[in-house]
Amino acid sequence: MKELLIVFHSLTGGTKQMAQAVAEGAQQVHEVRTTLLHASQAGPEHLLQASGYVFATPETLATIAGLMKDFFDRSYYPVLGQLNARPYAALICAGSDGTNAAKQLERIATGWRLKRIAPTHIVCTHAQSTEAILANKAIPDHELEHCRELGESFANGLAMGVF
């Protein structure tokens, strides 16, 4: 059975909502197993057993969040050369624009020779003050619907052998 692995980190809940929405969409496709893991729980063994990936991270100080970076640091070399051509998608929850975090994540995926199946989806919360940055986030329904559709499309692609 094919598996879609969703690895996320979330400090204020926004990225977690996005990752959960992807999982909800993917779970509509019963031919694909969906695994949702916090970055601190995920590692090389999870990457090796999965058929495709969604990486979801907040942008923190114009980069991917530290715990996502830790996941990639722990996993990068143990799986290098073993994930070539596997599909992936990425989600960024950002306070401003998210482009630097997206570029950083895309460079990691390029090093693993992963195949991007959709443009990186960035949700901008416009949180600029300390209070707004640290506040719990509520991702708009239309953004969560986009994430659900991504999950279902990705899982369908895995099930049909498109990816």
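No donor-acceptor pair under 3.5 Å is formed between the side chain of Asp70 and the backbone N or O of Gly66. Judged purely by atom type and a 3.5 angstrom limit, Ser51 uses its side chain to pair as donor or acceptor with the backbone of Glu3.
Lys103 and Glu106 are not joined by a salt bridge, as no carboxylate oxygen comes within less than 4.0 angstrom of a charged side-chain nitrogen.
Looking only at side-chain heavy atoms (C-beta outward), Tyr53 and Val7 stay at 4.5 Å or farther from each other. Using a 4.5 Å heavy-atom cutoff, the side chains of Leu158 and Pro87 are in contact. At least one side-chain heavy atom of Thr120 sits less than 4.5 Å from a side-chain heavy atom of Ile92.
In summary, the side chains of Ser96 and Gln128 do not present any donor paired with an acceptor at a separation below 3.5 Å, with no hydrogens or angles considered. Residues Glu143 and His121 have side chains that bring a donor and an acceptor to within less than 3.5 angstrom of each other.
Screening residues 76-103 for ring-ring contact (aromatic ring centres under 6.0 Å, His included), with sequence neighbours left out, gives Tyr76-Trp112.
Under the 6.0 Å cut-off for aromatic ring centres, Phe8 and Phe55 do not qualify, their centroids lying 6.0 Å or more apart.
The neighbour count for Lys69 NZ, taken as heavy atoms of other residues, nucleotides or ligands under 6.0 Å away, does not exceed 12.
Hydrophobic clustering, with ILVMFWY side chains joined whenever heavy atoms are under 4.5 angstrom apart, groups Leu36 together with Val54.
Atom NE2 of His9 sits about 13.5 Å away from atom CZ of Phe71, to the nearest 0.5 Å.
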Output side-chain donor-acceptor pairs under 3.5 Å for residues 13-21, partner residues at least two apart or in another chain, one line each.
from, atom 1, to, atom 2, distance (Å)
Gln17, OE1, Ile139, N, 3.0
Gln17, NE2, Gly13, O, 3.1
Gln17, NE2, Lys137, O, 2.6

